[in-house]
*Asks:* 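The structure that follows is given in the form of structure tokens.
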Amino acid sequence: MKTIFGSSKLQTLARLGAFLICTACAFSAPPIAESQGFTVEQVMSSPFPESLTAAARAPRVAWAFDAKGVRNVWIAEAPGFSARQATHYSADDGMALASLRLTPNGRTVVYARGSELNSAGEVADPTSNVTRPNQQVWAVDVDKGEPRLLGELNCTREGCEDIEISPDGATAVWAARGQLWASPVSGAVPAHQLAFVRGENDSPQWSPDGTEIAFVSHRGDHSFIGVYNFGRESVRYLAPSVDRDSMPRWSADGKQIAFVRIHGLEERLPLLQTRPNPWAIYVADAATGEARAIWHSTEELVGSLPNLTENKSFHFVGSRIVFASEQDGWNHLYSIPAAGGAATLLTPGEFEVEDVAVSRDGRSIIYSSNQDDIDRRHLWRVRVDGGKPEALSKGETMEWSPAELADGRTVVCLGSTATSPAMPYRLTLSGREMIASSQLPADFPSAQLVVPKQVIFPAEDGLKIHGQLFVPRGRNSAGPALLFMHGGSRRQMMLGFHYMQYYHNAYAENQYLASRGYVVLSVNYRTGIMYGRAFREREKGGPRGAEEYLDIVAAAKYLQTLGIVDPKKIGLWGGSYGGFLTAMGLARNSDIFAAGVDFHGVHDWSARGIFRGGPGGQEGGGPPDRAEALRIAFESSPNASIKSWKSPVLLIQGDDDRNVDFSQMVDLVQRLREQKVPFEQIVFPDEIHDFLLWRSWVRGYKATADFFDRVLVKCESITSGN
């Protein structure tokens, strides 16, 4: 047993105290099962599917499978949907796949491989290979052949991969290093830059006849919609202004382009003031560039451009424009004639829309939402011109990422349940059928998983908070419990395996922790999604006051009311924003939380973003309230309460983290050392925020369970300053 004290007398007292505590632990806490029902490796062994896409003119679908870190493209055809691999990569090498696109005839898949660049211009390489990797665009003929390199991608921000294939399937275009690049899908000639255009250029959209590409040209405080013409090798701009234009969408006949316009950037705005972000929909004549607004949002906060699904939800469908708006407080779909007029609400009710796809005939929209099932996702269909939405799925399953096949009837999607992991499915009249079921590992422990329960409890200020409660099988006496907080914070955890791989992994870990005897409560705290705009957009959330911490305390108090929870043995864990809330719990309430595991958390809001600028209020400086905002941001951080942090913590982070600076962990460790707080650390050299290596997740999650077993159940002491 290790202690943190220096003198021999103190060491003796500490050993005695630790012995007494551990003796109490041994009597008060149920023992951890010697033979666990399953391992971390088993519950994380299923291949995670994403990037589901369908061919426009063939009965074929493609998706990416990540099987224990080995990422490959898979395909299947209607009606049998027998799945097979199109690529054959074989290593857990951290090379992510993204932006999968099928050519219209379904014969070729184009995709990006590798991660985006960090601030130093480096592609992530968590294997620490001595050869510098690149993010690249590849193509593979699905029925024969090996992948062929089309060109370099090297995105400069997370999620910027956007490969678009021409209507005839012959050419791929993408944005790289601020410019648009193109390559024949055949790979016959190297990729080339289409043109030199000032600014950072992205979001390419092919015209229906394939002769032009609309794109967004970002110029800092303003942006334009540009149109590149292949025949003339020229660029023209649509109604250029001082504002920021984005999301160009062509009409089916290629004569019009719809786009979104928001105000240009205003300098030196106050940081603490919450301001609306009004926007408008414009329709331009594609030939002349003349444009007019057909719809304006209100100037109120609820009229702001939605920051959830706006890019996925904006479509030019037939003679109407489909868009998302939160004008009634919920993220809903609307449509409006391209000529202008009244907007029609397509999805009324107290729920929110997420994934959106257009039907092949252009008459309806297929979308996922939490309608009538607030802590799950199901698929719905609604006509573009309005009418009652039709439920395509329901029950205790979950579905997302819908796509309709070329036949205009068959709908495929990704889905899961509480005990079965995410997999591709096709919808049937009686429900759904799994595609690629043979790829589920034989020892995946579905039968040993628990079904989490929906719980709703009040915070101190009366706000209702949702959570998922994992109760170990056979639990009937008081024992250890854990809170889990998701990241984001624009996320929602659900009653089943999640549609994002990060949280699919976290759900698996919560199941593993439950199998080891921990009650786990996953908390959907305020500032998260799917419970309405008022729940998400909090005036005093995050660096403006961290009011979401009220929900973490409320969750702990809820656990304390349960007879199966020992109130002295409550820990907490989470990643990113969840890491921030884990650290907040330990710093502010070590009297409630006995231990925590913090994955890549934020520990000092004031060290991030705008706060790094010049002194506010001075000539040429930053925002006028910068000093006050800096003070509140720090007070809203775990570092502000470091002197009351007593409970042990395990810190885990990769040092190439592009979302939360590794310096946040480095700085916190020095503060913990100074306060003699016991901690342990795991650092993954060259890993990023969302770990790229399967083995990094496995190691981190094993260490999490082991840490709680040692310090929360067995009450072993750990050394500070290690």
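In this text, all values refer to a predicted model and were calculated from it rather than measured experimentally.
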*Asks:* I'd like to know whether Ser217 forms a side-chain hydrogen bond (donor to acceptor under 3.5 Å, both in side chains) with Asn201, so could you lay out the CA-CA distance, the side-chain angles of the two residues, the decisive distance to 0.1 Å, and finally the verdict.
*Replies:* CA-CA 4 Å; Ser217 183; Asn201 304 284; 2.7 Å; yes
*Asks:* Please examine the side chains of Met584 and Met485, heavy atoms only from C-beta on, and report whether any two atoms are closer than 4.5 Å.
*Replies:* no
*Asks:* Just checking, is any N or O donor in the side chain of Asn370 or Glu354 under 3.5 Å from an acceptor N or O on the other one?
*Replies:* no
*Asks:* Is there side-chain contact between Ile365 and Val384, with at least one heavy-atom pair below 4.5 Å?
*Replies:* yes
*Asks:* Taking the six-membered ring for Trp and the full ring for Phe, Tyr or His, determine whether the centres of His486 and Tyr525 are under 6.0 Å apart.
*Replies:* yes
*Asks:* Any chance you could lay out the side-chain contact (heavy atoms from CB on, under 4.5 Å) test for Met530 and His466, step after step, and finish with the verdict?
*Replies:* CA-CA 11 Å; Met530 308 307 285; His466 287 234; over 6 Å; no
*Asks:* Hey, is the main chain of Glu635 close enough, under 3.5 Å, to the side chain of Trp605 for a donor-acceptor pair?
*Replies:* no
*Asks:* Kindly determine whether His603 and Gln664 satisfy side-chain contact (heavy atoms from CB on, under 4.5 Å), including the steps that lead there.
*Replies:* CA-CA 6 Å; His603 309 124; Gln664 292 271 332; 3.7 Å; yes
*Asks:* Within the 4.5 Å heavy-atom criterion, are Arg536 and Thr527 side-chain neighbours or not?
*Replies:* no
*Asks:* Side-chain contact test, heavy atoms from C-beta onward, threshold under 4.5 Å: evaluate it for Gln205 versus Ile257 and give yes or no.
*Replies:* no
*Asks:* Could you tell me whether the side chain of Asp202 reaches within less than 4.5 Å of the side chain of His218, counting heavy atoms only?
*Replies:* yes
*Asks:* Within the distance-only criterion (no hydrogens, no angle test), does the side chain of Asn331 pair as donor or acceptor with the backbone N or O of Val353 below 3.5 angstrom?
*Replies:* yes
*Asks:* Determine whether His332 and Tyr334 satisfy the following criterion, ring pair (Phe, Tyr, Trp, His ring centres under 6.0 Å), listing intermediate values before the conclusion.
*Replies:* CA-CA 7 Å; His332 282 308; Tyr334 295 77; 7.1 Å; no
*Asks:* I need the minimum non-hydrogen distance between His600 and Tyr502, along with the two atoms involved.
*Replies:* NE2-OH, 2.6 Å
*Asks:* Could you tell me whether Arg490 atom CZ has more than 12 heavy atoms of other residues or ligands within 6.0 Å of it?
*Replies:* yes
*Asks:* Between Glu352 and Arg377, is there a salt bridge with N-O shorter than 4.0 Å?
*Replies:* no
*Asks:* Testing the basics here: between Ile281 and Ile321, what is the closest heavy-atom pair and its distance to 0.1 Å?
*Replies:* CG2-CG2, 4.3 Å
*Asks:* Is it the case that the side chains of Tyr577 and Glu548 hold a donor-acceptor pair, with the cut-off being a distance below 3.5 Å and no angle test?
*Replies:* yes
*Asks:* Could you go through Met398 and Tyr499, starting from their C-alpha distance and side-chain angles, then the distance that decides it, and tell me whether this counts as side-chain contact (heavy atoms from CB on, under 4.5 Å)?
*Replies:* CA-CA 9 Å; Met398 297 200 301; Tyr499 55 81; over 6 Å; no
*Asks:* With heavy-atom distances below 4.5 Å as the criterion, would you say the side chains of Tyr549 and Ser636 are in contact?
*Replies:* no
*Asks:* Any donor-acceptor pair under 3.5 Å linking the side chain of Ser416 with the backbone of Phe497?
*Replies:* yes
*Asks:* By the definition side-chain hydrogen bond (donor to acceptor under 3.5 Å, both in side chains), identify the one residue from Arg320, His315, Arg383 that meets it with Ser335.
*Replies:* Arg320
*Asks:* Output the distance between atom OG1 (Thr274) and atom CG (Leu272), rounded to the nearest 0.5 Å.
*Replies:* 8.5 Å
*Asks:* In terms of side-chain geometry, is the basic nitrogen of Glu164 or Arg101 positioned less than 4.0 Å from the acidic oxygen of its partner?
*Replies:* yes
*Asks:* Under 3.5 Å, is there a donor-acceptor pair between the Ser207 and Asp209 side chains?
*Replies:* yes
*Asks:* Leu463 versus Phe535: any side-chain heavy-atom pair under 4.5 Å?
*Replies:* yes
*Asks:* What's the shortest heavy-atom distance between Val197 and Gln179, and which atoms?
*Replies:* O-NE2, 2.7 Å
*Asks:* Has Ser251 got a side-chain atom pairing as donor or acceptor with Gln256's backbone, closer than 3.5 angstrom?
*Replies:* yes
*Asks:* For Ala554, is there any backbone N or O sitting under 3.5 Å from a side-chain donor or acceptor partner on Glu460?
*Replies:* no
*Asks:* Under 6.0 Å from the CD atom of Gln454, do we count more than 12 heavy atoms belonging to anything else shown?
*Replies:* yes
*Asks:* Any sub-3.5 Å donor-acceptor pair from Asn524's side-chain atoms to Gln492's backbone N or O?
*Replies:* no
*Asks:* Picking from Trp295, Phe316, Phe259, what satisfies ring pair (Phe, Tyr, Trp, His ring centres under 6.0 Å) with Tyr282?
*Replies:* Phe259
*Asks:* Has Arg363 got more than 12 heavy atoms of other residues, nucleotides or ligands less than 6.0 Å from its CZ?
*Replies:* no
*Asks:* Please walk me through it: do Trp380 and Leu346 pass side-chain contact (heavy atoms from CB on, under 4.5 Å)?
*Replies:* CA-CA 11 Å; Trp380 298 74; Leu346 302 180; over 6 Å; no
*Asks:* How close do Ala640 and Phe634 get, heavy atom to heavy atom, and via which atoms?
*Replies:* CB-O, 3.1 Å
*Asks:* To the closest 0.5 Å, what do you measure between CG (Leu521) and CE (Met493)?
*Replies:* 13.0 Å
*Asks:* Could you check whether any side-chain heavy atom of His378 comes within less than 4.5 Å of a side-chain heavy atom of Asp372, counting everything from C-beta outward?
*Replies:* no
*Asks:* When you measure from the side chain of Ser364 to the backbone of Arg381, do you find a donor-acceptor pair of N or O atoms at a distance under 3.5 Å?
*Replies:* no
*Asks:* Could you pull out the closest heavy-atom pair between Arg544 and Glu539, with the gap in Å?
*Replies:* CD-O, 3.2 Å
*Asks:* CD1/Ile366 to CZ/Arg360 distance, rounded to the nearest 0.5 angstrom?
*Replies:* 9.5 Å
*Asks:* Report the distance from atom CD1 of Ile225 to atom CG of Asp245, rounding to the nearest 0.5 Å.
*Replies:* 5.5 Å
*Asks:* Taking atom CG of Leu572 and atom CZ of Phe484, what is their separation to the nearest 0.5 Å?
*Replies:* 11.0 Å
*Asks:* Which value, rounded to the nearest 0.5 Å, describes the distance between Ile163 atom CD1 and Leu153 atom CG?
*Replies:* 6.0 Å
*Asks:* Run the salt-bridge test on Asp328 and Arg533 with the 4.0 Å N-O cut-off and return the result as yes or no.
*Replies:* no
*Asks:* Under 6.0 Å between ring centres, would you say that holds for Phe323 and Phe314?
*Replies:* no
*Asks:* Closest heavy-atom contact between Leu483 and Ala555?
*Replies:* CD2-CB, 3.7 Å
*Asks:* Donor-acceptor pair, Asp625 side chain versus Glu628 backbone, under 3.5 Å?
*Replies:* no
*Asks:* Any donor-acceptor pair under 3.5 Å linking the side chain of Arg236 with the backbone of Ala286?
*Replies:* yes
*Asks:* Taking Ser297 for its side chain and Pro278 for its backbone only, find out whether a donor-acceptor pair lies under 3.5 Å.
*Replies:* no
*Asks:* Answer yes or no: is there an ion pair linking Lys312 with Asp355, defined by an N-O contact shorter than 4.0 Å?
*Replies:* yes
